**Q** 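For reference, the structure I am asking about is given below.
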Amino acid sequence: IVVCASTFVMGSLISHGVPEKKIRVIPYGADCRVQPRTWTPADCDGPLQLLFVGALSPHKGLHHLFMALSHLPESSYELTLAGSWVTGFREWLTSRYRIVFREMGQVRHDQMATLYRRHHVLVFPALQDGFGLVLLEAMAAGLAVVASTHSGAPDLITPGINGYLFEPGDSHELQSKLEYIMAHREMLPHYGAAARRTAEGSSWEKYRTKVGA
């Protein structure tokens, strides 16, 4: 039996000759002891607070996020990046896109829940990622997620309910999803509550039970 964390990984295993009947997809878990963010009417005003968490590198698709944002009004969003830069990638990005962003560097794990709660949406534009634990971390904190399908996101996200999916590398589709959320800010609390419920259904306790079954 081969246990993997996402249907995306299962597809890769099948393409390399692993029989589908031997594969079990069991998504990773979330720490639901963290408190989800509290939404207020003020969250419908001002810039949409976007968060990216992970390695600041090409394979995480950060350049596609920058490309999408380059077509949106600068006043419509604020972008925060949490993670470490791959050598030379920051210079490459900033030479091509005039995107204003706030850098947090590598954030300690015990401070991540607070960071999530300060934002409205997690954006996960990975070109390929076996799962992406930040997806569930953000959902546990009550955030909607906009993520590429080449990750664990399709196993977690119901589009229009707790977030949105887009094809990896498709900056136009990503732009469209962000524009929709900006135009329907009143939906943020509903997305967040649904995201939290998804995380609660994917706790580490449930992960251990499924692996041991």
Side-chain angles (χ1 to χ4, degrees), residues 1-32 34 50-65 67-68 81-86 89 106-107 109 112-113 116 121-174 177 191 194-213:
I1 295 297
V2 179
V3 176
C4 63
S6 67
T7 53
F8 174 58
V9 172
M10 180 178 72
S12 178
L13 292 170
I14 292 172
S15 70
H16 284 79
V18 179
E20 183 175 355
K21 64 181 180 180
K22 289 191 174 184
I23 303 172
R24 301 291 183 272
V25 177
I26 305 178
Y28 291 138
D31 182 359
C32 291
V34 303
L50 302 175
L51 176 64
F52 173 93
V53 178
L56 306 178
S57 66
H59 86 278
K60 291 292 187 179
L62 189 57
H63 49 305
H64 292 292
L65 173 58
M67 187 180 298
L81 306 179
S84 299
W85 288 99
V86 169
F89 190 52
Q106 199 72 35
V107 179
H109 183 73
M112 286 302 301
Y116 288 123
V121 177
L122 177 81
V123 185
F124 192 75
L127 297 180
Q128 56 178 8
D129 194 299
F131 186 75
L133 271 175
V134 297
L135 298 170
L136 274 177
E137 290 177 358
M139 296 174 101
L143 268 65
V145 174
V146 179
S148 86
T149 56
H150 280 195
S151 67
D155 299 307
L156 304 171
I157 294 176
T158 303
I161 301 298
N162 56 6
Y164 291 93
L165 299 169
F166 64 95
E167 291 299 309
D170 191 337
S171 61
H172 294 295
E173 190 180 6
L174 172 54
K177 303 304 183 190
Y191 295 149
R196 172 69 183 199
R197 290 194 295 271
T198 298
E200 289 172 347
S202 301
S203 67
W204 281 116
E205 291 77 13
K206 292 181 179 179
Y207 176 80
R208 285 194 291 269
T209 298
K210 292 175 181 178
V211 170

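Values in this document were obtained by computation on a predicted structure and should not be read as measured data.
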**Q** For R196 and C32, indicate whether the former's side chain and the latter's backbone hold a donor-acceptor pair under 3.5 Å.
**A** yes

**Q** For Y207, what residues pass the ring pair (Phe, Tyr, Trp, His ring centres under 6.0 Å) criterion, not counting sequence neighbours?
**A** Y28, W204

**Q** Once rounded to the nearest 0.5 Å, what's the spacing between atom CD of E205 and atom NZ of K210?
**A** 12.0 Å

**Q** What's the separation between atom CD1 in I14 and atom NE2 in H16, rounded to the nearest 0.5 Å?
**A** 12.0 Å

**Q** Under 3.5 Å, is there a donor-acceptor pair between the side chain of S6 and the main chain of G130?
**A** yes

**Q** Could you report the tightest heavy-atom contact between M10 and C4, atom names first, then the distance?
**A** N-SG, 3.9 Å

**Q** Could you tell me whether the side chain of Y116 reaches within less than 4.5 Å of the side chain of V34, counting heavy atoms only?
**A** no

**Q** About how many Å separate CD1 of I26 and OG1 of T209, when rounded to the nearest 0.5 Å?
**A** 10.0 Å

**Q** Check whether more than 12 heavy atoms from other residues, nucleotides or ligands sit under 6.0 Å from atom CD of E200, and answer yes or no.
**A** yes

**Q** In the structure I gave you, are the side-chain heavy atoms of L174 and V123 within less than 4.5 Å of one another anywhere?
**A** yes

**Q** Run V145 and L156 through side-chain contact (heavy atoms from CB on, under 4.5 Å) and show every step you take.
**A** CA-CA 10 Å; V145 174; L156 304 171; over 6 Å; no

**Q** Show the nearest heavy-atom pair for residues L165 and P159, with the distance to one decimal.
**A** CD1-CG, 4.1 Å

**Q** Who passes side-chain hydrogen bond (donor to acceptor under 3.5 Å, both in side chains) against N162, sequence neighbours left out?
**A** T198

**Q** Report yes or no: do H59 and S57 form a side-chain donor-acceptor pair below 3.5 Å?
**A** yes

**Q** Which heavy atom of A141 sits nearest a heavy atom of A113, and at what distance?
**A** CB-O, 4.5 Å

**Q** Measure across A199 and L136 and return the closest heavy-atom pair with its distance rounded to 0.1 Å.
**A** CA-CD2, 4.0 Å

**Q** A126 and D129: which non-hydrogen atoms are nearest, and at how many Å?
**A** CB-CB, 3.9 Å

**Q** Hey, mind stepping through V9 and F131 against side-chain contact (heavy atoms from CB on, under 4.5 Å) and telling me if it holds?
**A** CA-CA 8 Å; V9 172; F131 186 75; over 6 Å; no

**Q** Any side-chain heavy atom of D155 sitting closer than 4.5 Å to one from F8?
**A** no

**Q** If I take atom OG1 from residue T7 and atom CG from residue L13, how far apart are they, to the nearest 0.5 angstrom?
**A** 11.5 Å

**Q** Hey, does L127 have a side-chain heavy atom less than 4.5 Å from the side chain of P58?
**A** no

**Q** First locate atom NE2 of H172, then atom NE2 of H64, and finally report the distance between them rounded to the nearest 0.5 Å.
**A** 10.5 Å

**Q** What are the two closest heavy atoms between S151 and L135, and how far apart are they?
**A** OG-CD1, 4.2 Å

**Q** Donor-acceptor pair, distance only, cut-off 3.5 Å: does the side chain of E167 make one with the backbone of E173?
**A** no

**Q** Between V121 and Y164, does a side-chain contact (heavy atoms from CB on, under 4.5 Å) hold up when you go through it step by step?
**A** CA-CA 10 Å; V121 177; Y164 291 93; over 6 Å; no

**Q** Rounded to the nearest 0.5 Å, how far apart are OH of Y191 and CD1 of I157?
**A** 12.0 Å

